[in-house]
Participant: 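First the structure, which I've put down as structure tokens, then a few questions once you've had a look.
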Amino acid sequence: MQHTAPTSTPSNRQPLHVAQLNAALLNVKTVMDTTGMSRSTIHAKVKDGTFPAPIKLSARCVRWHSEAIRQWIDALATAK
């Protein structure tokens, strides 16, 4: 009997296409994948005000508006 690797993503990962939705709330891993930045860089930029702040949903859960991330990326592209 031959076993094959599962083709689905792990349950704690959001599909990257979620970042393209207008009203999605993105977890930090999706923000990392979308921006190419590390977790520590994202949090440092939030702290110094150069990256959108997340929404705190609970004591251990934060999410970013997909539209805020898209606007941040668009602003970078037009600033050059």
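All figures in this text were calculated on a predicted structure; none of them were measured in a lab. For reference, positions follow the sequence shown, starting with 1.
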Participant: Taking all heavy atoms of Lys29 and all of Arg39, pick out the closest pair and write down the distance.
Facilitator: CE-NH2, 3.9 Å
Participant: If you round to the nearest 0.5 Å, how far is NZ of Lys45 from OG of Ser38?
Facilitator: 10.0 Å
Participant: For the NE2 atom on His43, are there more than 12 heavy atoms of other groups (residues, nucleotides or ligands in this structure) within a distance under 6.0 Å?
Facilitator: yes
Participant: Testing Thr34, Val28, Asp33 for side-chain contact (heavy atoms from CB on, under 4.5 Å) with Thr30, which one passes?
Facilitator: Thr34
Participant: Look up atom CG in Leu26 and atom CE in Met32, then write down how far apart they are to the nearest 0.5 Å.
Facilitator: 13.0 Å
Participant: Taking side-chain contact (heavy atoms from CB on, under 4.5 Å) as the criterion, tell me which of Val46, Thr35, Asn27 meets it with Trp64.
Facilitator: Val46
Participant: Quick one, Leu25 with His65, criterion side-chain contact (heavy atoms from CB on, under 4.5 Å). Give me CA distance, side-chain angles, the key distance, then yes/no.
Facilitator: CA-CA 5 Å; Leu25 294 176; His65 279 288; 3.8 Å; yes
Participant: Identify the two heavy atoms, one from Pro52 and one from Ile69, that lie closest to each other, and give their separation to 0.1 Å.
Facilitator: CG-CD1, 4.2 Å
Participant: Once you measure the plane-to-plane angle for Trp72 and Phe51, does it fall in the parallel (<30°), tilted (30-60°) or perpendicular (>60°) bin?
Facilitator: perpendicular
